[in-house]
Structure formats: structure tokens, C-alpha cells
Amino acid sequence: MKNRIQELRREKKIRQEDLAEAVGVTRQTIISLENGKYNASLVLAHKLARYFDRQIEDIFLFEEE
Amino acid sequence: MWLNQLFTDEPVDFERRCRTRIKVGMGIAFLGLLSLAVMVLFCSQKLTVLYPESEGRDFFATFYGSLGAGLMAGGIVSAIKNVRYLKDPALKKRQKVAETDERNRLLGLRCWAYAGYTMFLLLYVGILVSGFVSRTAAMVLLTVTGVYALVLMLFRIFLNRVM
């Protein structure tokens with residue numbers, strides 16, 4: 001699943017460390033999310049959506065196979 | 001329930017986890033001390049083994065001595081680390097994030113799963129090879145594999161009910 005985390009983070013001009021701290025995960029998790037190596041859980045997706053003040057579907061782009 | 005911690009979306013009470021680890025660490029250190037005491041008793045001829053003592057003497061002292069020292073060191077180190085987490089707020093915060101991070105938790109579970117698959121495969125290879133070397137070894141490995149498969153099946157049934 002693709003996501004716009006890196007794009008939104010850059011828009012907000014924040015570092016990966018700051019985003020990680022805000023949503024309670026490690027920086028490595030943010031890196032993996034941005035690289036598309038890891039898919040966030042529903043809880044983390046909600047936290048990220050709240051942090052960026054967006055809907056989940058604006059951040060995570062669901063693609064049917 | 002304790003097993004709930006296996007689910008990556010379950011919240012973790014980090015302080016409670018640290019306190020539990022301190023107790024477990026001290027328990028493990030005590031077991032290590034017990035093992036050392038057994039070694040000392042054996043070396044001072046107050047205990048004996050069920051096989052020819054000439055074969056067992058060196059093994060017994062080395063095995064129980066190393067086991068005891070290892071358990072004591074591991075238990076004490078674990079307890080000290082967790083006391084430090086509870087006393088130092090910055091360290092506690094960093095460690096809490098590292099331990100409750102959902103990717104880290106998933107990684108941990110996957111490591112267990114892959115280690116399990118590998119162990120099963122190794123046991124199978126061990127059974128095939130040991131049949132040519134020692135019947136006792138083959139039977140022990142076969143029993144371990146059987147118990148392993150049984151535990152796996154029981155967890156499958158249990159988890160199927162709770163999730």
C-alpha cells in the first residue's frame with residue numbers, strides 16, 4: 001500500500017524523529033513506512049491521520065490488486 | 001492476560017513490565033545461585049549422579065557451574081537494567097517507545113515464527129541423521145518434535161478462539 005507520509009511530513013517541515021515522537025513509534029518505523037516496506041496498523045494510521053489533520057484515505061492510498 | 005502481549009495492537013503497561021522483569025530477573029539469579037550450590041555440594045562429595053561418577057565429575061562441575069554463573073549474571077543484569085528504566089525518565093521514555101513500537105513488536109513475533117520454522121526443519125534433519133548414529137538421540141529428537149508439533153497445534157486452537 002502506498003502512502004503520502006513523506007510528502008506530508010515535508011510539507012509540514014518536520015523531521016522523521018519529530019513525527020516518530022508525536023505518534024509514539026521509532027524513527028525506523030517512520031523510515032520503513034515512507035519507503036513502503038511496512039504497512040501501518042489501523043491504530044497508527046489513525047494517529048498519523050490525526051497528526052496531519054487528514055482522512056486516513058488521504059494518507060494511505062489503497063490499490064486493488 | 002499475559003498472552004495478550006503477543007498481539008501487536010494491545011497496549012503495553014511499560015512500568016508494570018519493568019517491575020515484572022525485575023522480579024523475574026531476581027528469580028533467575030536465585031536459580032543460578034541454586035545451580036552453583038548444587039555444583040558445590042557435588043564437588044564436596046555430598047551429592048552423586050546416576051551414571052559412573054568418573055565420567056560425570058568434570059561435566060557436572062563445568063555444566064552446573066557455567067549454568068549457575070550465566071543465570072546469575074543474566075538475572076542481575078536484567079534487574080539492574082529495568083531498575084534504571086524506572087529511575088531515569090529519559091531512558092524510560094526511549095526504551096518504552098522502542099518496546100511498544102508496533103513494527104518492533106511485529107518483528108519480534110516474526111523472528112519467533114521464523115525461528116520456529118527453522119527449528120522444525122533442523123529437528124527433522126537431526127532425526128534423519130541421528131538414526132544412523134544413535135537410536136537414543138533419534139528418539140529424543142523425535143519426542144521433542146512431537147511435543148513441539150503438539151504445542152503448535154494447541155496454540156492454533158487457543159488463538160483461533162480468542163481472536
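Order of the sequence lines fixes the chain letters, A, B, ..., with proteins taken first and strands second; residue numbering starts at 1 for each chain.
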Query raised in the report: Which atom names give the shortest non-hydrogen contact between Glu102(B) and Asn39(A), and what distance separates them?
Result: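 Closest pair (atom of Glu102(B), atom of Asn39(A), distance): OE2-O, 4.5 Å.
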Query raised in the report: Should Val25(A) and Val97(B) count as side-chain neighbours, where that means a heavy-atom distance under 4.5 Å?
Result: no
Using a cut-off of 6.0 Å, state whether more than 12 heavy atoms not belonging to [X] lie near its atom [atom1].
{"X": "Gln55(A)", "atom1": "CD", "result": "no"}
{"X": "Asn35(A)", "atom1": "CG", "result": "yes"}
{"X": "Tyr148(B)", "atom1": "OH", "result": "yes"}

Report task. Select one option (side chain, backbone, both, neither) describing which atoms of Lys96(B) are under 4.5 Å from chain A's heavy atoms. Result ->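 When you check distances to chain A, no heavy atom of Lys96(B) falls under 4.5 Å.
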Query raised in the report: Does Phe62(A) belong to the same Ile/Leu/Val/Met/Phe/Trp/Tyr cluster as Ile5(A), with side-chain heavy atoms less than 4.5 Å apart forming each link?
Result: yes
Query raised in the report: Would Tyr51(A) and Tyr38(A) show up in the same hydrophobic cluster when neighbours are defined by side-chain heavy atoms closer than 4.5 Å?
Result: yes
Requested in this report: Quick one: pull up CD in Gln28(A) and CG in Leu107(B) and give me the separation to the nearest 0.5 Å.
Outcome: 9.0 Å
Query raised in the report: Under 3.5 Å, is there a donor-acceptor pair linking the side chains of Arg103(B) and Ser32(A)?
Result: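 Indeed, the side chains of Arg103(B) and Ser32(A) share at least one donor-acceptor pair under 3.5 Å.
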Query raised in the report: Can you list the steps and then say if Arg94(B) with Glu21(A) is a salt bridge (charged side-chain N to carboxylate O under 4.0 Å, His left out)?
Result: CA-CA 10 Å; Arg94(B) 203 167 59 226; Glu21(A) 194 178 342; over 6 Å; no
